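Whatever order the structure lists them in is the order used to number ligands and atoms, beginning at 1. These numbers come from a predicted model, not from an experiment.
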Amino acid sequence: MGIRPQGVYLITGGLGGMGLAMARWLTEGYGARIVLTSRSKLPSRRGWSSWLRRHPSDHPLSVRLRALLDLESAGAEIWPVTADASDPEEMSELVAQIKDRFGAVHGVIHAAGVTRDGLTATKRPHTFDEVLRAKAQGAFVLDQVTRGEPLDWTIYCSSVAGLWGGAGQSDYAAANRYLDALAAWRNAQARPTTSIDWGLWGEAGMAVGHVDRVRESGLLLPMATRPALEALGRAVALDAPQIIVAALGPRALQVSSPGVSRQAIPESETPATWTSLAELEDRLAARLARLLELDVAALDRSQNFAEMGLDSILVVQWTRELEAMLGRSLPFNTLQQHGTVRALAQYLLDLRRSRGAQARP
Ligand SMILES: NC(=O)c1ccc[n+]([C@@H]2O[C@H](COP(=O)([O-])OP(=O)(O)OC[C@H]3O[C@@H](n4cnc5c(N)ncnc54)[C@H](OP(=O)(O)O)[C@@H]3O)[C@@H](O)[C@H]2O)c1
């Protein structure tokens with residue numbers, strides 16, 4: 001079943017970048033009536049204009065209020081509600097209120113989510129909890145509170161991080177994997193659910209600030225909003241438990257097909273273009289300086305990468321580059337275990353020597 005004209009749709013996390021884009025698309029294209037939830041409270045409807053006058057236009061709440069006013073002025077029927085997707089009481093009450101107000105709920109898009117990237121060893125339990133709560137607990141609660149509703153479909157906004165992982169994203173990857181599994185389980189019970197493993201939305205949402213870095217990693221390219229929404233429409237009609245919607249970069253092939261990916265590795269990154277520890281150190285220092293936009297001459301080769309500002313996305317990118325250079329995979333925590341230019345150079349040299357020794361008869 002596709003999208004109903006004037007259908008009633010609940011979008012959790014609906015005041016985020018993707019949720020608002022989906023709301024606009026559903027209202028413009030289908031005259032849908034949309035309930036948008038978030039945890040943050042909005043000022044009362046009467047106070048929106050004065051709030052906007054008193055606050056900077058790039059304040060996150062200003063952005064949300066302007067988007068809601070735009071939707072309203074385009075004639076959209078939208079209802080923003082404060083509700084935590086992971087709270088069974090709030091969500092159960094919300095479903096009852098939607099039915100009171102609109103008579104039914106026809107579909108759900110679960111777009112509530114947060115990221116709290118960081119290396120597992122240094123993460124605090126509450127950050128795991130926060131990430132899992134919005135996505136996984138939220139999906140479980142939605143499953144419970146809509147159990148009696150004959151929904152046409154449920155969509156989970158999952159991520160390719162659930163398939164590929166990502167340094168610093170152990171909790172986020174697990175939460176997305178949970179969505180994929182829950183979708184399969186619900187379909188087995190004839191409750192139509194599609195988990196969309198989204199790639200990178202380039203124009204709206206939580207990843208907009210990371211587009212350049214992710215593009216550089218070669219794994220994903222940014223998707224424009226319009227084709228992403230068209231893919232959402234196809235996903236709803238497709239009735240499949242799990243699909244990937246992503247613009248893949250050249251290195252994405254490497255993840256699933258190492259043999260093919262080698263063709264995409266630049267000549268300068270092929271093995272055996274360095275011979276000594278000093279040469280390798282120079283090369284690592286130069287690459288690190290470019291990644292961090294630092295002057296290579298000022299770079300301290302004994303300073304820890306994390307202290308220098310190497311974040312999880314750069315860790316993934318650099319690890320992949322090193323794998324390409326060596327022609328072999330590396331433990332995911334290589335840059336944590338060998339966390340300075342000096343230590344990393346020594347490790348990589350030892351690794352190559354030991355491989356060379358193994359290869360000799
Ligand atoms: N953007 C991408 O490229 C991308 C790629 C793959 C997957 N995804 C997934 O798609 C979903 C939407 O992403 P986005 O880019 O729109 O992110 P976003 O702009 O950060 O929006 C996420 C929204 O979720 C809300 N939220 C967080 N926890 C919540 C909870 N417990 N209950 C209700 N609302 C909650 C947040 O608002 P409050 O803080 O006010 O609650 C926020 O508005 C996320 O699940 C994300 O993981 C996004």
Side-chain angles (χ1 to χ4, degrees), residues 10-25 35-43 59-61 63-65 67-68 80-91 94 108-117 127 129-142 145 155-166 169 171-180 182 194-215 217 219-225 227-229 231-232 235 242-248 313:
L10 164 63
I11 308 181
T12 67
L15 294 181
M18 286 170 54
L20 283 167
M22 289 170 180
R24 175 172 286 279
W25 177 74
V35 183
L36 303 158
T37 71
S38 69
R39 292 164 305 171
S40 317
K41 269 199 162 48
L42 297 182
H59 188 290
L61 186 48
V63 175
R64 287 181 174 190
L65 293 181
L68 291 172
V81 179
T82 304
D84 186 330
S86 66
D87 185 316
E89 279 172 24
E90 287 183 13
M91 292 307 289
L94 175 63
V108 175
I109 298 177
H110 181 41
V114 295
T115 51
R116 296 287 179 264
D117 293 0
T127 59
D129 188 51
E130 205 181 343
V131 172
L132 290 169
R133 200 171 340 122
K135 281 204 164 220
Q137 169 83 2
F140 177 76
V141 165
L142 275 170
V145 300
I155 295 284
Y156 296 150
C157 290
S158 184
S159 162
V160 291
L163 302 173
W164 297 346
Q169 292 200 315
D171 42 14
Y172 186 67
N176 285 298
R177 208 74 186 107
Y178 178 87
L179 294 185
D180 299 345
L182 191 64
T194 301
S195 191
I196 303 182
D197 297 330
W198 292 108
L200 174 71
W201 280 53
E203 297 171 343
M206 57 168 62
V208 165
H210 304 295
V211 164
D212 288 341
R213 283 179 184 177
V214 179
R215 189 203 292 273
S217 77
L219 282 175
L220 291 171
L221 300 172
M223 284 183 293
T225 299
L229 292 171
L232 170 64
Q242 184 179 358
I243 64 167
I244 299 172
V245 178
L248 301 179
I313 292 178

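Under the rule for a side chain to side chain contact (heavy atoms under 4.5 Å, CB included), the partners of D117 that lie at least two apart in sequence or sit in another chain are T115, Q169, S312. In this view, E89 satisfies the side-chain hydrogen bond (donor to acceptor under 3.5 Å, both in side chains) rule with no residue, not counting sequence neighbours. Under the side-chain hydrogen bond (donor to acceptor under 3.5 Å, both in side chains) criterion, Q242 pairs with D180, D197, not counting sequence neighbours.
With values rounded to the nearest 0.5 angstrom, T225 atom OG1 is found 4.0 Å from E203 atom CD.
Closest heavy-atom contact between A134 and G113: CB-CA, 4.0 Å.
Counting heavy atoms from C-beta outward, L65 and L42 have side chains that approach closer than 4.5 Å.
For ligand 1, the 4.0 Å heavy-atom shell contains residues G13, L15, G16, G17, M18, S38, R39, S40, R64, A83, D84, A85, A111, A112, G113, V114, A134, K135, C157, S158, S159, Y172, W198, G199, L200, W201, G205, M206, A207.
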